[in-house]
There are 2 protein chains.
Amino acid sequence: MTGTTGNSAPRRSEATRTAILAAARERFAADGYERATIRAIAKDARIDPSMVMRYYGSKEGLFAAAVTLDLRLPQVGGLPREEVGQALVSHFLDLWEENEELTAMLRVGVTNQSGAERMQEVFRDQLLPVARQACPDPEQAPARAALCAAQLLGLALTRYVLRLGPTVALRRQEIVAWLGPTVQRYLTAPHPA
Amino acid sequence: MTGTTGNSAPRRSEATRTAILAAARERFAADGYERATIRAIAKDARIDPSMVMRYYGSKEGLFAAAVTLDLRLPQVGGLPREEVGQALVSHFLDLWEENEELTAMLRVGVTNQSGAERMQEVFRDQLLPVARQACPDPEQAPARAALCAAQLLGLALTRYVLRLGPTVALRRQEIVAWLGPTVQRYLTAPHPA
DNA sequence: GTCTATAATTCGATAGAC
DNA sequence: GTCTATCGAATTATAGAC
């Protein structure tokens, strides 16, 4: 932003800010909001705790800056109808394996109001549009997206947060084979009632 | 236990203990482990905070005493094969609506080690046996139970904890109609791979 | 059996030196 | 821009009077 030229006021702070955010994501993901202390995050980032306050104002501000989630959901419009479910499940597994922001958001969302609101935003702004594309009747999109969220977040909860033994033991291939048709049905099948 | 006869040492404490446990369940369910303070629980129960320590030793001990979960899952052995899924989903909805212990266990399990272990016990001792009854190949029972847990806990997470708008808006009848076949398939369908 | 008083930590946040 | 020192509040847990 400030460019690499000119050293009148060389910002060394950018590296510090990045280190703080990375440490914050790790701690929020591992411990949840209450137990992820600013002191511990600062120690991980090898800086002084007061720097966290200086840069992000408060613990809430730090969380807001550290967890800004972009699911990068695939455009399902170009896919064959019968592959949408598998594509979504597969994409979700990739996300959860590589990005600890998702674990942080889930852990924090369960006990913190701001975290829960953040999850509601992600649902509304990112999953809902996908459902509108894939769903035969757009008016049913919210319900369809809700069903998909329940299935996908339930998998993440049991596999990456609670770590239930048999859920962790499932191979990626199995999960896609089992959950793909479920998500597919929630999105595209006619209303059962 | 001590009987209603004999008042040599009439235990008035039983009422107090019960009040503490009820208040603890409410607070753990609403706030999670860290934010449910002994002080707040004692205030709800209209007793002194030190009484909680006296009766249950520690905050961990209080949680262990307050949340002892019996899902009372139906015996699926006597049911027609094709009704097992709907019966389980329907039973789960009843449980979550009437018993706040489940919400407490889920909220605590996400950020507290003891809570997570408690959930693992419930899975192993209560859901797994049901899967063994319903599953064609008992060797696949853990995987089938894991899939059911992901779907059912995901519904509870989004509906009762995160309170995603469209998930809360779903009518009970719709949930059973959509999730019943899913659980049914996870338990009884042949392995898709 | 119930409560007061307090110990011993730990937390988020602030003020100010350099 | 970074760090030292510290405040004020909150927590779990204990000791002991009544």
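Quick note on labels: first sequence line is chain A, next is B, and so on, each numbered from 1. These numbers come from the heavy atoms of this one structure, side chains and all, not from hydrogens, waters or symmetry mates. Just so it is clear, the model here is predicted, and its values are computed rather than measured.
Here B/Arg185 pairs with A/Thr182 under the side-chain hydrogen bond (donor to acceptor under 3.5 Å, both in side chains) rule; sequence neighbours left out. With sequence neighbours left out, B/Glu60 forms a salt bridge (Lys or Arg N to Asp or Glu O under 4.0 Å) with no residue at all. A search for salt bridge (Lys or Arg N to Asp or Glu O under 4.0 Å) contacts involving A/Asp70 returns nothing, not counting sequence neighbours. Here A/Thr18 pairs with nothing under the side-chain hydrogen bond (donor to acceptor under 3.5 Å, both in side chains) rule; sequence neighbours left out. Taking the salt bridge (Lys or Arg N to Asp or Glu O under 4.0 Å) definition, one finds that A/Arg107 meets it with nothing, sequence neighbours left out.
Atom-to-atom, CG of B/Leu62 to P of D/dT11 comes out at 15 Å; the value is rounded to the nearest Å. Counting to the nearest Å, the C1' atom of D/dT2 and the CZ atom of A/Arg46 are 17 Å from each other.
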With B for base contact, S for sugar-phosphate-only contact and - for none (protein heavy atoms under 4.0 Å), nucleotides 11-18 of chain C reads BBSB----
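Of the N and O atoms on the side chains of A/Thr37 and A/Arg27, not one donor lies less than 3.5 Å from an acceptor on the other residue.
Distances were taken from every side-chain heavy atom of A/Ile47 (C-beta onward) to each of C/dC3, D/dC3, C/dG1; the shortest belongs to D/dC3. When distances are taken from the side chain of B/Met51 to each of C/dG1, D/dT4, D/dT2, the shortest belongs to C/dG1.
Put simply, B/Tyr55 has no side-chain N or O that comes within less than 4.0 Å of OP1 or OP2 on C/dG1.
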